[in-house]
Amino acid sequence: MVWPPQSPDLNIIESRNSGNVSEILWAIYLLSTKHTGFLQRLVRVFFGCLAAVACGMLYAVYLSTYHDRKFWFSTRQELEREITFQAGSGLYYYYYKHMLAAPSFERGFYELMTDNRTLSGQTINAVERLSLYPELITSFIYRVTGSQDFVEPIYFYIGAVFGLQAVYVTALFVCSWVMSGTWVAGMLAVAWYVINRPDTTKVDHAIPLRDNWALPYFSCQVAALTGFLSNNISSATEMFCYLTMSATTFTFLLVWEHSHYVLFIQGLCLFLLDSFDLVPSRKMADIHKVYLSSLFLAYLFQFQNPTLLSSPLLSLLIGSVLARYFQVELAWIITNVFHLQKLIPVSEDDFILKFLEVKFGLNTTTDFVTNFLLCQESFQRPGQDLFLRLTQASVLPFYFLVLTVCLLSTLQTIYRRLSGQPMKTNLRLEDGRVGEQPEVIYHVFHTLLFGGLTLLFDGMKYLWTPYVCMFTAFGVCSPDLWMTVFKWLKLKSIHPVVLSLILSTAVPTIIGFSLWREYCPRVLVELSDLQDFYDPDTVELISWIGSQAPVAAVFAGSPQLLGTVKLFSGSAVTSLPLYSDINLLRRSEDTYQVYAMRSAEEIYKILTSQKTNYVIIEESICNELSLTKGCRIKDLLDISNGHVVYDKGDIYSFSKHGRFCQEIKMNYSPYTNYFTRVFWNRSYHVYKVNSVISFQY
């Protein structure tokens, strides 16, 4: 007899009173779902949506409270509040303030498009160069809603970012819920995300960064894509997912200069799905339309940005469309997809390709910019502490379990497709084929590709770890995954469907209680502790610039510091903290020469060529002590300038000139001929670049 029965009723249950307990439980389950299925779904959707919104709102409140306790934000003066925007990210907030100070939104927008007060000697389109649409939109909303009557501009700004973070975790919640069928998975995903916050987001210390604005939209796009790939959705739901995916893909491209690289990785995942015919051709065609239309609109809104034309994402899309149209073999598209980029003018940002050659050991270089990028923490391999933290939070062991089951089941599905067997579109729980669901297959490829990149670049963890939390929560809460395991084991002692339902509830419940017991007290302590963040030397420097330096002055210094100087003074600077622009990186290299072994005359020529009036020398860079010799700014400059000597495997710096940042403090000629010290404290020395050279000995 076929078991489980397709249409159980009370007679079936009575006829099996003598059967085993698991069969009776299964029959009761089917009977209950038959008679109360619609009501149960309605109640689940209501409480699921309520839980998703509640998780998002609570997370936003948590971030706001933690931020206030960490920086004493509500008790600070305006200047001290803005200094908390670290890593040069305050530069973006400057443009938000500029838009609010402008007579009208249109006037402020025009001034940013023809900005000659940011980079010395240049007029730039700041909206395009710095991806300032978040500041434009936020300032516009602040104006038209009349928010200036009841909330300060800085609170409105950070509130917008925290609100987007709430959307971020809500999207993760929905994504895990859609895949597993239970909103318990969403709550577990959010819990893991919050617990692993140092590895899931950078919003703690640098609120205005572009990825803090962009990644919530990417999370919504992934959630919409997950629903769109699902087989068991109505046409109305499919259309909603399609529209959501279109809007969020375009917005993601608009607000972050690196977004097209992220979408390229996602495109590779979808390309693999399409190559093995795991998704209906109609849906893949719709996804291609989303990508192409979003790229086209972003190209227009970013003032014909050539980077989008030379992006690997566009090459992949063109190759995929041609391959589909001409029915070309998979090997052809893999071989030729990147050659399509040669048909399109490539921007100067192509230097990243040379960087990758050095990163993977295919080449060596003494170039400062390349070595500078290699030394950035985001581009280095992650340390063992990342995986230790994920293991302590219990997410990594379960992740490997879920990934192993889903990957093996996916490989089985691919083998069946290559053997000519069709995919089942109406899978039942008892089929035990979790890897035959298109949305699951996509997330397997997604987590593998982003995980592989995380092993190479530490900064990629912010794109991988959130989806590790989501994917793992889906797995432990999914009856389909447990049923797949029991199908392989050919379990007979107890009915596998019943056991799958039990484990999909019991395992996340146990995990949830253990996380609550261990981490809830930590979170409460974190929110109750008043941390001490104060930078008096920077406050003193900024106060001096505001009171003593001319409004039209041009400042030189490290890009991170110049971002802060620009925020408070509005003065023009020689460089900006933007690592995706080769021209800005070259300007930064010139400014950094004040930490090299160069003569006073050489430094003077470099600074005057950039129309510099004041140069700021930082003690933390000039006298930097690091166990990792070779990644200090002065080491990179010595290598680039050829001022190094190799002796028995050791590197020594040597030049006929002393290190400029140290020699100038001695206050003797010829340094005093070119520069005059006008301000100093423990951390900073500010020198005026003399307009008339005084030869005093």
Think R197 forms a cation-pi with Y59, using NZ or CZ under 6.0 Å from the six-ring centre and within 45 degrees of its axis? no
Is the closest side-chain heavy-atom distance between R677 and H685 below 4.5 Å? yes
How are the rings of Y261 and H258 set relative to one another: parallel (under 30°), tilted (30 to 60°) or perpendicular (over 60°)? tilted
Taking side-chain hydrogen bond (donor to acceptor under 3.5 Å, both in side chains) as the cut-off, I'd like each qualifying pair that reaches into residues 212-222, sequence neighbours left out, listed once. Q221-T249, Q221-Q266
For T370, is there any backbone N or O sitting under 3.5 Å from a side-chain donor or acceptor partner on D367? yes
Please name all residues satisfying side-chain hydrogen bond (donor to acceptor under 3.5 Å, both in side chains) with S139, sequence neighbours left out, ordered by chain then number. none
Kindly say whether Q662 contributes a backbone atom to a donor-acceptor pair with the side chain of Y595 at under 3.5 angstrom? no
Assess the residue pair E82 and K97 against the criterion (salt bridge (Lys or Arg N to Asp or Glu O under 4.0 Å)); give the C-alpha distance rounded to whole Å, side-chain angles, the decisive distance to 0.1 Å, and a yes or no. CA-CA 11 Å; E82 294 177 358; K97 292 200 306 182; 3.3 Å; yes
Kindly assign one of parallel, tilted or perpendicular to the pair Y671 and F660, based on the angle between their ring planes and the thresholds 30° and 60°. tilted
Closer than 4.0 angstrom, basic N to acidic O: yes or no for K605 and E602? no
Residue pair D537 / S683, side-chain donor-acceptor N/O under 3.5 Å: yes
Students often mix this up, so state it plainly: with edges at 30° and 60°, are the rings of Y592 and F368 parallel, tilted or perpendicular? tilted
Would you call the rings of F379 and F457 parallel, tilted or perpendicular, taking 30° and 60° as the class edges? perpendicular
